[in-house]
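Computed over heavy atoms, backbone and side chain alike; hydrogens, waters and symmetry mates excluded. Keep in mind the model is a prediction, meaning the values are calculated, not measured.
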Amino acid sequence: MQELKPIKEGKVREIYDNGDSLIMVATDRISCFDVILNNEVTKKGTVLTQMSKFWFDLTEDILPNHMISVDVKDMPEFFQQEKFDGNSMMCRKLEMLPIECIVRGYITGSGWESYKKTGKVCGIELPEGLKESDKLPEPIYTPSTKAEIGDHDENISFEQSIAHLEKYFPGKGQEYAEKLRDCTIALYKKCAEYALSKGIIIADTKFEFGLDEEGNVVIGDEMLTPDSSRFWPADGYEPGHGQPSFDKQFARDWLKANPDNDWTLPQEIVDKTIEKYLQSYEMLTGKKLV
């Protein structure tokens, strides 16, 4: 069996070249504050891959996506090992667009900090008197530029996103910027409404898009996972303070409270973290992860 090496490694994902397709493996690594922790969170990669598959299937009517298969039997023999089963996705190759498409339906995190100071989020004027975690009258689109690993992404305005895309795709900046904004909002609205019916609030999320060979805009990367989104339980939702979430919050909170942590979590925090990932998967899909 031929040993394959990833062509690209992110904080959590490894990408393998499979000729006319790519294979994206979501590892069990966990990163907080842009640092990869020393712990692994068992099954986390499988949750990310299977949840992305669920959303890709749900949104095909809005936009095509890059997923070909999550069945390792469709992949080269190297991937038919237990460690790749469930957490690997074979994808179409895309030319990725250099924008992170962030959409916020609720005011929280850095958006809340910005609003308290200026009444705006990423330059967008919001109504007065909002409380932390309030639902916004309409979802807002706040794109950012994609940074290399180790750097921080930079929030930009919609106008800046046109100029940024124009640099890479002369004559297409406006068209692509509008398409990304409109698709981001449409995807968020459909999925947030669905999630709410299952007891989960999607406070915010980010999408990444690319172009296929015909130049069509296609959803790439991952989609609406606890790593790329803020999920809150609808049960007990109450504006006016931060909300508990279905993601790395346990890990982040523990690291903040224990500054000499050496980027290593106690097992109990790892267990609580994966419990949240699994719970969100089961609530959204109605299925247990096998």
Peer 1: Could you check whether R92 pairs with D20 (Lys NZ or Arg NE/NH1/NH2 to Asp/Glu carboxylate O, under 4.0 Å)?
Peer 2: no
Peer 1: Name the residue from V25, V70, L22 that meets the side-chain contact (heavy atoms from CB on, under 4.5 Å) definition with M89.
Peer 2: V70
Peer 1: Salt-bridged, K116 to E132, with N to O below 4.0 Å?
Peer 2: no
Peer 1: Please work out which of the three classes, parallel, tilted or perpendicular, describes the rings of Y106 and W232, given edges at 30° and 60°.
Peer 2: perpendicular
Peer 1: Please check if any side-chain donor atom of E113 sits under 3.5 Å from a side-chain acceptor atom of S110, or the reverse.
Peer 2: no
Peer 1: State plainly whether the residues K43 and D28 are in salt-bridge range, i.e. N to O under 4.0 Å.
Peer 2: no
Peer 1: Walk me through it: do S157 and Q160 pass the test side chain to side chain contact (heavy atoms under 4.5 Å, CB included)?
Peer 2: CA-CA 5 Å; S157 67; Q160 286 170 307; 3.3 Å; yes
Peer 1: Output, in order, the C-alpha distance, side-chain angles, deciding distance and verdict of ring pair (Phe, Tyr, Trp, His ring centres under 6.0 Å) for F231 and F246.
Peer 2: CA-CA 5 Å; F231 291 167; F246 283 103; 7.0 Å; no
Peer 1: Look at atom NZ of K93 and say whether more than 12 heavy atoms of other residues, nucleotides or ligands are closer to it than 6.0 Å.
Peer 2: yes
Peer 1: Charged N to carboxylate O under 4.0 angstrom, D247 versus R230?
Peer 2: no
Peer 1: Run through K288, K276, M51 and flag the one making a side-chain contact (heavy atoms from CB on, under 4.5 Å) with Y281.
Peer 2: M51
Peer 1: In terms of side-chain geometry, is the basic nitrogen of E14 or K5 positioned less than 4.0 Å from the acidic oxygen of its partner?
Peer 2: no
Peer 1: With no hydrogens and no angle check, just 3.5 Å: does a side-chain donor-acceptor pair link D271 and Q267?
Peer 2: yes
Peer 1: Verify the distance criterion only: is there a donor paired with an acceptor across the side chains of E275 and Q279 at less than 3.5 Å?
Peer 2: no
Peer 1: Using 30° and 60° as the class boundaries, would you call the ring planes of Y168 and H164 parallel, tilted or perpendicular?
Peer 2: perpendicular
Peer 1: Go through the side-chain N and O atoms of T225 and D227 and say whether any donor and acceptor fall under 3.5 Å apart.
Peer 2: no
